[in-house]
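Here is the structure we will look at, set down as structure tokens.
Each chain gets a letter, A, B and so on, in the order the sequences are listed, and its residues count up from 1.
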Amino acid sequence: MAGVDNDTLQRWLRAFAASVAEQKDALTALDAAIGDADHGANMDRGMAAVVAFLDATPPADPAALFKQTGMTLVKSVGGASGPLYGTLFLRMAPATGGAGALEPDVFAKALRAGLDGVVARGKAELGDKTMVDALAPALDALDAALAAGEPLAEALRAASDAADRGRDETTPMLARKGRASYLGERSIGHQDPGATSAALLLAAAASVVADQEAA
Amino acid sequence: MAGVDNDTLQRWLRAFAASVAEQKDALTALDAAIGDADHGANMDRGMAAVVAFLDATPPADPAALFKQTGMTLVKSVGGASGPLYGTLFLRMAPATGGAGALEPDVFAKALRAGLDGVVARGKAELGDKTMVDALAPALDALDAALAAGEPLAEALRAASDAADRGRDETTPMLARKGRASYLGERSIGHQDPGATSAALLLAAAASVVADQEAA
Amino acid sequence: MKKLLNDPADLVAESLRGVERAHPELRVDHENRIIYRADAPVSGKVGLLSGGGSGHEPAHAGFIGPGMLDAVCAGEVFTSPVPDQMAEATKNIDGGAGVLHLVWNYTGDVMNFDMAAELAAAETDTTVEAVVMNDDVAVEDSLFTAGRRGTGAAIPVEKIVGAAAEQGRSLSELADLARRVNDNSRSMGMALTSCTVPAKGSPTFDLPEDEIEIGIGIHGEPGRRRVPLASAHDIAQMLVDPVLADRDFTGGEGVLVFVNGMGATPMLELYLMYNEVAALLDKAGIVPVRTLVGPYVTSLDMAGCSVTITRLDDELLRLWDAPVATAGLRWGM
Amino acid sequence: MKKLLNDPADLVAESLRGVERAHPELRVDHENRIIYRADAPVSGKVGLLSGGGSGHEPAHAGFIGPGMLDAVCAGEVFTSPVPDQMAEATKNIDGGAGVLHLVWNYTGDVMNFDMAAELAAAETDTTVEAVVMNDDVAVEDSLFTAGRRGTGAAIPVEKIVGAAAEQGRSLSELADLARRVNDNSRSMGMALTSCTVPAKGSPTFDLPEDEIEIGIGIHGEPGRRRVPLASAHDIAQMLVDPVLADRDFTGGEGVLVFVNGMGATPMLELYLMYNEVAALLDKAGIVPVRTLVGPYVTSLDMAGCSVTITRLDDELLRLWDAPVATAGLRWGM
Ligand SMILES: Nc1ncnc2c1ncn2[C@@H]1O[C@H](COP(=O)(O)OP(=O)(O)O)[C@@H](O)[C@H]1O
Ligand SMILES: Nc1ncnc2c1ncn2[C@@H]1O[C@H](COP(=O)(O)OP(=O)(O)O)[C@@H](O)[C@H]1O
Ligand SMILES: [Mg+2]
Ligand SMILES: [Mg+2]
Ligand SMILES: [Mg+2]
Ligand SMILES: [Mg+2]
């Protein structure tokens with residue numbers, strides 16, 4: 001394949017938006033248990049705004065797409081997830097190097113830059129029970145699979161599986177960042193909402209790239 | 001018998017206090033349906049205060065007893081029932097003519113003076129769904145029985161039965177006085193709390209006078 | 001029942017201790033449950049007395065102070081205070097110009113205030129006048145009922161008469177003014193939920209999740225009718241229509257619009273309601289020149305709201321704007 | 001869910017329309033959801049900006065006006081506003097002396113205000129400082145958490161800094177003052193019930209009739225621990241003890257005691273709580289010189305309360321007493 005093109009990336013964001021919309025109540029229910037019951041509404045409001053600009057004026061290349069996605073999320077989400085997801089996409093933009101379609105390693109590097117942005121902004125470490133616990137193992141798995149020569153679709157599948165595992169592993173963790181940290185020990189036993197939405201992001205990527213390759 | 005003596009009248013008030021205490025929640029439940037859920041608490045507070053002065057400094061004669069009962073109720077009950085029950089007893093006092101024990105017709109006249117006071121204060125007519133609907137038929141029955149030559153105990157039994165019937169008859173009435181009147185048609189189908197406590201007052205009288213005669 | 005209290009029987013007494021501790025500008029007679037302006041009686045000024053059952057906070061004690069009331073009597077929850085309290089308060093706020101009783105129209109309150117006036121007349125030489133406030137249009141056919149309830153109108157009546165009393169107006173002038181503000185006011189309320197009287201321990205009535213009560217008072221009682229849960233837009237219509245049908249509010253300097261929270265309704269929702277109410281008034285050509293939004297006359301933990309409209313003329317507007325310093329309403333000082 | 005609203009998605013927008021209609025002394029930018037003092041920017045004065053999620057009314061818009069804030073940004077219910085709003089507001093309240101961001105310590109609010117400051121720096125030449133308010137002692141081990149939440153301290157911080165800003169103090173002086181008031185303040189809250197976020201439509205958590213949450217924040221979240229329903233007396237102890245354990249409140253001019261209602265708790269109960277709290281402070285030799293009792297920082301329709309103690313020195317006391325004219329706090333003007 002000639003890398004992930006702009007259309008596929010837009011399909012990725014649309015697929016993510018669709019699964020966020022579908023999982024909205026589930027995400028909010030997770031946030032009700034250890035937070036303030038708005039993660040589903042927050043992410044859905046943001047991704048609906050992203051879909052709206054995709055419909056109206058789809059950006060011309062991946063850098064513009066990521067930048068506008070990041071800006072839109074920052075502008076429309078609020079809360080903790082707005083700056084974090086916003087930063088993730090804002091940092092991905094320059095990492096594309098202006099390419100019209102992203103080679104697998106460029107896509108992976110862009111995602112890594114995004115994660116670094118999330119960590120820089122939120123200061124969360126692995127094990128703090130946040131979205132980082134889904135994103136970090138996912139990007140490690142992606143890098144490892146690409147290094148092992150696997151095609152992007154397979155590598156993203158591995159990344160998505162790792163994100164799911166990372167998400168599941170947040171359940172027994174004690175939260176140390178975000179609102180859930182206020183609960184102390186009582187945060188144990190609940191799955192982190194942000195890790196859950198992050199796993200949806202990886203799953204959407206795996207699915208649209210697999211479709212692109214199949215097409 | 002030599003009329004209702006001061007001791008019996010005090011037993012009457014104590015018996016009324018006891019049944020109000022026992023029926024407190026039931027009276028409040030009736031008031032919750034068409035009023036503001038305080039009639040049981042109001043009457044219980046007032047009658048407990050009456051019992052307290054009976055324990056501490058029992059008045060020397062019926063006039064003093066009724067006056068202090070009336071003043072105590074006015075001072076401690078509040079709401080609509082405080083002035084009404086208070087006035088009932090305050091008006092009974094002078095109607096005793098200063099007697100140490102009340103002949104049946106004097107007792108009946110005192111009660112009638114009390115009812116007149118209630119009507120003067122509250123302006124309720126028969127059928128307005130108030131305590132008057134229990135008190136008025138009761139005193140009519142009392143007068144009729146005494147006129148027919150029945151002994152006081154029997155006559156009070158008849159009065160108590162008439163109060164009970166009057167109380168029951170408030171259920172289908174549309175309230176025109178007090179809080180229940182705000183409900184309009186919706187007051188229909190509920191028994192009036194004040195008529196219910198008034199029926200307890202007559203029942204207590206019938207019971208203590210029967211005991212006095214039996215003794 | 002989940003409430004912040006110790007023994008429900010002590011609720012009013014303990015809450016008054018809190019009022020006393022929190023407000024050095026007030027004086028509390030605990031035995032008689034009277035709350036005074038610390039500087040009462042104000043010499044030469046007509047004393048203004050109100051009061052009623054507890055559970056309506058900030059009414060009534062929240063409206064004592066310069067520019068408003070001189071004292072209030074507190075009853076048990078939802079139960080009128082008693083004549084002795086009122087007579088004692090009347091005596092103590094008489095600065096030589098008489099005392100005006102501002103009475104919320106409920107059978108119990110009216111009868112107790114009547115008896116208090118009789119007592120005061122018998123025991124002292126204080127001149128007492130009483131004005132009964134009765135603004136609630138939910139009570140129709142007032143000839144066949146205890147008459148319209150006193151609800152939100154008490155706030156403009158007490159505020160405006162309070163300002164006029166500070167100017168040194170006479171007892172009869174103030175009584176006329178109170179009647180005028182009352183006549184210029186109409187209210188209508190609704191409940192999303194009932195409330196729990198602590199001594200009872202459970203809600204006064206049950207209201208299913210999909211129904212509301214229209215035409216309630218301020219005592220947790222059921223209203224005039226039960227309707228399906230509706231949008232704020234439709235609820236505003238159900239409140240404003242009967243108010244406007246009952247009185248002409250055009251003309252004058254405009255109106256005071258008072259959207260009152262019943263206790264448990266967040267301000268976020270009250271402002272949304274105000275938006276709906278203001279839009280309806282706009283359509284009717286009625287001009288809100290002053291606004292009050294918030295929980296002022298509550299019914300314990302009831303969720304819901306009421307709307308009071310008061311027509312203002314130039315004089316009433318000036319008196320509304322005059323300085324006031326109470327726990328519940330304060331400006332200009 | 002029973003609430004006064006139309007579409008839950010429009011709640012914040014429609015409520016802001018109501019705020020605009022009810023308060024001619026405020027100006028509302030609906031597109032950006034910013035509420036301003038109508039006369040902002042005040043030339044020569046440092047602009048004070050705060051804000052946060054909606055659902056805490058009267059916080060935040062209730063504290064805009066002379067002597068307090070210049071603007072606030074409103075987020076969705078319980079969701080921090082976004083950097084664009086904050087940057088826009090910052091620009092518009094800069095009277096030439098810079099802008100102070102008073103930030104409630106929540107991850108989202110802090111990150112969004114950070115980004116706003118970056119934006120403002122990039123787009124304009126406004127000097128911005130930010131002070132984070134974090135007074136909630138329920139959050140222990142703050143090294144291993146997002147840090148203590150900002151709760152009731154915001155009221156004294158915003159009031160005192162607002163008064164100082166009117167005096168023309170510089171941005172850095174005001175930032176120091178804000179930090180000082182924050183450092184002098186500690187809070188602890190509890191919930192009798194959860195609350196219902198309209199977009200969710202059911203309570204955030206379930207709390208059985210016989211249990212309460214101790215150590216809650218202001219977002220309807222569960223607290224630090226769940227305990228059996230207790231008397232007001234015992235609850236006061238559970239709130240006051242950790243506050244006093246965390247900081248010495250003796251000395252100075254005394255303290256400001258702020259008993260805050262979470263939204264659905266009647267004032268009758270709040271005054272009773274104040275009585276309990278004051279008794280405990282008395283025992284500890286702490287002198288309340290100023291008091292605030294009422295719903296000021298709410299959590300929608302949550303029942304419960306929080307206690308905030310702020311140590312006042314002579315300067316802080318004078319600034320607290322200085323005139324203020326906002327919808328939520330007003331005196332001296
Ligand atoms: N400091 C942080 N670093 C990374 N992720 C975080 C941090 N704080 C919170 N999160 C993530 O944000 C999620 C909550 O997002 P959301 O509910 O939308 O915002 P808020 O907590 O402001 O209501 C958490 O589940 C967590 O995964
Ligand atoms: N005008 C009246 N005349 C006679 N009885 C009345 C009148 N108004 C109310 N009542 C009686 O008072 C009862 C209610 O008493 P209570 O609940 O104690 O007072 P409140 O209505 O002030 O809460 C009613 O059930 C009715 O019987
Ligand atoms: Mg959240
Ligand atoms: Mg009653
Ligand atoms: Mg009552
Ligand atoms: Mg949030």
Side-chain angles (χ1 to χ4, degrees), chain B residues 24-25 27-29 31-46 48-49 70-87 90 117-118 120-125 127-130 174-187 190 194, chain C residues 8-9 33 52-53 55 73 75-85 106-116 119 136 138-149 194-206 213 215-226 299:
Chain B
K24 183 178 160 183
D25 291 346
L27 292 171
T28 289
D31 198 30
I34 55 172
D36 60 349
D38 62 358
H39 189 60
N42 288 347
M43 293 304 296
D44 187 45
R45 186 171 58 249
M71 280 171 40
T72 301
L73 292 176
V74 168
K75 255 194 236 290
S76 62
V77 176
S81 47
L84 291 169
Y85 275 105
T87 298
L90 285 173
V118 168
R121 177 73 57 205
K123 315 269 178 326
E125 294 173 19
D128 281 356
K129 194 176 184 120
T130 70
L174 185 143
R176 298 193 200 277
K177 282 283 177 303
R179 286 177 199 290
S181 70
Y182 305 136
L183 290 185
E185 304 279 328
R186 294 176 79 186
S187 65
H190 299 277
Chain C
R33 296 195 177 170
C73 300
E76 280 298 324
V77 171
F78 293 170
T79 301
S80 163
V82 302
D84 289 64
Q85 289 173 277
Y106 296 94
T107 304
D109 296 74
V110 170
M111 291 193 300
N112 282 286
F113 265 105
D114 276 353
M115 293 181 87
L119 277 178
D136 181 8
V139 182
E140 298 151 1
D141 309 322
S142 53
L143 288 182
F144 304 102
T145 64
R148 288 184 167 176
R149 290 175 286 225
S194 183
C195 62
T196 296
V197 175
K200 178 166 188 288
S202 60
T204 297
F205 61 89
D206 289 319
E213 289 274 342
I216 50 131
I218 56 172
H219 295 90
E221 68 273 58
R224 199 64 194 205
R225 62 185 209 274
R226 189 168 283 198
S299 192

- Message: My understanding is that only residues two or more places apart in sequence, or in another chain, count here; which of them pass side chain to side chain donor-acceptor pair (under 3.5 Å) with B:T130?
- Response: none
- Query: Does C:R226 have any side chain to side chain donor-acceptor pair (under 3.5 Å) partners at least two apart in sequence or in another chain, and if so, which?
  - Reply: C:E213
Of all heavy-atom pairs between [X] and [Y], which one has the smallest distance, and what is that distance?
X      : Y      : answer
B:G35  : C:E221 : O-CB, 3.4 Å
C:K200 : B:A32  : CE-CB, 3.7 Å
B:K75  : C:V82  : O-CG2, 3.1 Å
C:V197 : B:D36  : CG2-O, 4.1 Å

Residue part contacting chain C, namely of [X], when any heavy atom lies under 4.5 Å:
X      : answer
B:A180 : neither
B:A175 : backbone
B:S76  : backbone

- Residue part contacting chain B, namely of C:V110, when any heavy atom lies under 4.5 Å: neither
- Residue C:P222 versus chain B: region with a heavy atom under 4.5 Å: both
Ignoring hydrogens and angles, tell me if any N or O in the side chain of [X] forms a donor-acceptor pair with the backbone of [Y] under 3.5 Å.
X      : Y      : result
B:R186 : C:G223 : yes
C:N112 : B:G79  : yes
C:R224 : B:Y182 : yes

- Item | Contact winner vs chain C - B:G178, B:A41, B:A33, heavy-atom pairs under 4.5 Å | B:G178
- Task: Return the option, out of B:D128, B:L84, B:D25, B:D31, with the maximum number of heavy-atom pairs under 4.5 Å with chain C.
- Result: B:L84
Supply the atom-to-atom distance [X] [atom1] to [Y] [atom2], rounded to the nearest 0.5 angstrom.
X      : Y      : atom1 : atom2 : answer
C:F78  : B:D38  : CZ    : CG    : 9.0 Å
B:I34  : C:T204 : CD1   : OG1   : 13.0 Å
C:M111 : B:S81  : CE    : OG    : 8.0 Å
C:E76  : B:N42  : CD    : CG    : 8.0 Å

- Item | Pairs of heavy atoms under 4.5 Å with chain B: top-ranked of C:G220, C:G201, C:P83, C:G75 | C:P83
Check whether any side-chain heavy atom of [X] sits under 4.5 Å from a side-chain heavy atom of [Y], and report yes or no.
X      : Y      : result
C:D114 : B:R121 : yes
B:K177 : C:T107 : no
B:R45  : C:T79  : yes

